[in-house]
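Starting from 1, each residue takes its place in the sequence as its number. Treat the numbers as computed from the prediction; the structure is a model and nothing was measured.
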Amino acid sequence: MDNNSSTNIRNKNAMCYIPLAAFYIFFTETKKTDELEKHIKYWIWLFLWYAVLSFFLWWIFWWMLFLVYIWISWFLAYKAYSWDDINIEIIDKVEE
């Protein structure tokens, strides 16, 4: 694997945590690796939890939830870009 291909894969993994980019990658990427599918799955779960919590708590904590969502998304994108292994056991067990 050459350096350009490696950088492209790392960019795709990190872009999964940007909402519109995640949808684009999910629907247009034909050959998804297991790692890419895992990052898309984690982003979907993160976004669903954020959406549900902000729906019920929008009048109290909406801005705090948004900041936490942004921070977690940034952190996971950074980990995905730097090839660190990300395993969220709760999501993996729910999906089984």
Exercise. Can you tell me how far CD1 of Ile18 sits from CD1 of Ile25, rounded to the nearest 0.5 angstrom?
Worked result: 8.0 Å
Problem set entry | Candidates Tyr17, Phe23, Trp49, Tyr50 - the one meeting ring pair (Phe, Tyr, Trp, His ring centres under 6.0 Å) with Trp43 | Phe23
Exercise. Can Asn13 and Tyr81 be said to form a side-chain contact (heavy atoms from CB on, under 4.5 Å), step by step?
Worked result: CA-CA 6 Å; Asn13 288 343; Tyr81 185 78; over 6 Å; no
For this session: Answer with yes or no whether the hydrophobic clustering places Trp71 together with Leu76; edges join I, L, V, M, F, W, Y residues whose side-chain heavy atoms lie under 4.5 Å apart.
Result: yes
For this session: Flag yes if more than 12 heavy atoms outside Leu48 fall under 6.0 Å of its CG atom; otherwise flag no.
Result: yes
Exercise. When hydrophobic residues are tied together by side-chain contacts of less than 4.5 Å, even through go-betweens, does Ile72 share a cluster with Trp63?
Worked result: yes
Problem set entry | Value rounded to 0.5 Å, distance of CD1 in Ile40 from CD in Glu35 | 11.0 Å
Problem set entry | Residues which pass side-chain contact (heavy atoms from CB on, under 4.5 Å) with Ile70, listed by chain and number, not counting sequence neighbours | Phe66
For this session: Any chance you could measure Leu36, atom CG, to Lys31, atom NZ, to the nearest 0.5 Å?
Result: 14.0 Å
Problem set entry | Approximate separation, where rounding is to 0.5 Å, of Phe26 CZ and His39 NE2 | 15.5 Å
Exercise. Which distance, rounded to the nearest 0.5 Å, do you find between the CG of Leu46 and the SG of Cys16?
Worked result: 12.5 Å
For this session: Check salt bridge (Lys or Arg N to Asp or Glu O under 4.0 Å) between Glu29 and all other residues, then give those that pass, not counting sequence neighbours.
Result: Lys12
